[in-house]
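Take a look at the structure set out below.
No experiment lies behind these values; they were computed from the predicted model shown. For the single chain, residues carry numbers from 1 onward in sequence order. Hydrogens, waters and symmetry mates play no part in the numbers below; they use all other heavy atoms, side chains included.
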Amino acid sequence: MRINATRKAKRKFHPGRIACWLLLGAFAVIALYPVFFLLAGSLMGDDELKLYLGPVISGTGGHADFPLLPLFPTLRHYVEIFLDTPEFFVMFWNSVKITFGVLLGQFLVGTMAAWGFAKYKFPGKKGFFLIYMILMLMPFQVLMLSDYLVLDWMKLTDHLWGIILPGVFSTFPVFIMYRFFTEISDSLIESAKLDGARDWQLFCHIALPMGSSGIISAMVLGFLEYWSLIEQPLTFLKDKSLFPLSIFLPDITAISKSGIAFVASVITFFPALLVFLGGQEYLEQGIMAGAVKE
């Protein structure tokens, strides 16, 4: 027993393992440096930002020198953006409307589509699912023109619905939830049918509870995607009062506005971070399910 304990202790404090952890920790710090950069910049005053970023922003030559901690921390830019920047709140609520509108639509439409593909047999099922997969692989730039023409015909350009509706019928959440629904036992469904359960009862009392992990993972991925939309609003929206928070960026060529840009980036980043941390476990399950071949 003592020999085994000694071996475990040696394994626990093995130099190679310690070196591996130190190396991974160094890579983690490098990966998180942009976050530290944002937090530090949001707490700096205009004079300090000018000192560190002036050579780059003003175009006078040289390079930016940016510390991890501000020398004279201040909350001035937070006060300015919350009290003196009303357009920021307009864009914030636009982001909330777009994101939660899309997620609600994906929950209502995507769950039923995924359940239908997973547990129902109908003519052309494999062909339709193949179309779903092809559409999922196509980037926005490929479908941008066709989407714009359809939305223009429906009179939805320059309207938030022009951003929400294409997201509601996105194929990716269907693909994620489909993988979880296929794992539900067919014998359980048959037993429920023998007991007199109808289709809507199967969906509400079996599909949704047992496929909740897939649904939550799809919702987390959807939030992270639609909270940070850039290309779609710039393509389909002309009225700046409809712009979401993800494209709120003051004129950073002026030092007086660079602090607000840092604060806006921090505020935009914070909700996404909370959702990611809260749904990290489900997110990992969704990624693993998406990696499984048909």
Side-chain angles (χ1 to χ4, degrees), residues 90-118 122 124-181 203 208 211 214-249 268-269 271-272 275-276 279 282-283 286-287 289-290:
V90 174
M91 292 184 171
F92 180 86
W93 286 115
N94 288 339
S95 290
V96 171
K97 293 175 184 178
I98 291 173
T99 303
F100 287 95
V102 170
L103 294 183
L104 178 61
Q106 288 183 351
F107 176 78
L108 296 176
V109 176
T111 51
M112 290 186 284
W115 179 247
F117 278 122
F122 52 88
K125 173 182 174 179
K126 292 185 178 180
F128 283 117
F129 194 74
L130 178 62
I131 294 174
Y132 259 69
M133 297 303 99
I134 294 174
L135 290 175
M136 185 182 70
L137 296 174
M138 289 185 177
F140 169 74
Q141 292 83 356
V142 175
L143 301 174
M144 179 174 61
L145 179 59
S146 58
D147 287 348
Y148 184 86
L149 293 175
V150 172
L151 292 174
D152 183 64
W153 175 75
M154 298 175 66
K155 307 298 182 183
L156 291 177
T157 55
D158 212 24
H159 197 286
L160 290 183
W161 282 109
I163 308 297
I164 296 174
L165 284 181
V168 168
F169 296 98
S170 174
T171 58
F172 184 68
V174 176
F175 173 75
I176 294 294
M177 292 184 283
Y178 166 83
R179 296 296 180 180
F180 286 84
F181 287 153
F203 178 73
L208 295 182
I215 296 172
I216 295 175
S217 64
M219 295 297 102
V220 171
L221 288 170
F223 183 93
L224 297 177
E225 178 183 359
Y226 289 96
W227 183 256
S228 57
L229 280 182
I230 294 179
E231 294 177 321
Q232 290 88 334
L234 290 176
T235 303
F236 302 140
L237 301 177
K238 298 179 181 178
D239 187 356
K240 292 186 177 181
S241 64
L242 299 175
F243 281 0
L245 187 59
S246 54
I247 55 179
F248 174 81
L249 188 63
T268 305
F269 169 74
V275 171
F276 173 79
Y282 299 101
L283 185 61
I287 294 173

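- Expressed to the nearest 0.5 Å, how far CE of Met154 lies from CH2 of Trp161 amounts to 10.5 Å.
- Under the side chain to side chain contact (heavy atoms under 4.5 Å, CB included) criterion, Lys238 pairs with Tyr148, Asp158, not counting sequence neighbours.
- In this structure the side chain of Pro173 never reaches within 4.5 angstrom of the side chain of Tyr178, judged on heavy atoms.
- The line from CG of Leu149 to OG1 of Thr157 is 10.5 Å long, rounded to the nearest 0.5 Å.
- From Ile164, atom CD1 reaches atom CG of Leu104 across 10.0 Å, with rounding to the nearest 0.5 Å.
- Within the 4.5 Å cutoff, the side chain of Met133 has heavy atoms near those of the Phe129 side chain.
- A pairwise comparison of heavy atoms in Val102 and Ile163 identifies CG2-O, 4.3 Å as the closest pair.
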Could you walk me through whether Phe117 and Phe128 pass ring pair (Phe, Tyr, Trp, His ring centres under 6.0 Å), step by step?
CA-CA 9 Å; Phe117 278 122; Phe128 283 117; 7.4 Å; no
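- Listed by chain and residue number, Tyr132, Leu135, Met136 satisfy the side chain to side chain contact (heavy atoms under 4.5 Å, CB included) test with Thr171 (two or more places apart in sequence, or in another chain).
- Looking at residues two or more places apart in sequence or on another chain, you find a side-chain hydrogen bond (donor to acceptor under 3.5 Å, both in side chains) between Ser241 and Asp239.
- Contacts of Lys240 classified as side chain to side chain contact (heavy atoms under 4.5 Å, CB included), with partners at least two apart in sequence or in another chain: Phe243.
- With values rounded to the nearest 0.5 angstrom, Leu242 atom CG is found 8.5 Å from Lys97 atom NZ.
- In terms of heavy-atom proximity, Ala118 sits nearest to Phe181 at CB-CB, 3.6 Å.
- With contacts defined as side-chain heavy-atom distances shorter than 4.5 Å, the pair Ser217/Phe180 qualifies.
- Annotation: side chain of Pro233 is not in contact with side chain of Ile230 (no heavy-atom distance under 4.5 Å).
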Could you go step by step and tell me if Tyr226 and Ser170 meet the side chain to side chain contact (heavy atoms under 4.5 Å, CB included) rule?
CA-CA 11 Å; Tyr226 289 96; Ser170 174; 3.8 Å; yes
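- Listed by first then second residue, pairs satisfying side chain to side chain donor-acceptor pair (under 3.5 Å) with a partner in residues 99-115 number zero, not counting sequence neighbours.
- Pairing each heavy atom of Ile176 with each of Gly214, the nearest pair is CG2-O, 3.8 Å.
- Note that the CZ atom of Phe172 and the CG atom of Leu137 stand 10.5 Å from one another [nearest 0.5 Å].
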What's the verdict on side chain to side chain contact (heavy atoms under 4.5 Å, CB included) for Asn94 and Leu245, showing C-alpha distance, side-chain angles and the deciding distance?
CA-CA 7 Å; Asn94 288 339; Leu245 187 59; over 6 Å; no
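- Residues Val142 and Pro139 meet the side-chain proximity criterion, which asks for heavy atoms closer than 4.5 Å.
- Screening residues 227-236 for side chain to side chain donor-acceptor pair (under 3.5 Å) gives Gln141-Glu231 as the qualifying pairs, with residues at least two apart or on separate chains.
- Residues Phe276 and Phe223 form no side-chain contact, since every pair of their non-hydrogen atoms from C-beta on lies 4.5 Å or further apart.
- Residue Met112 holds its CE atom at 9.5 Å from CG of Leu208, rounded to the nearest 0.5 Å.
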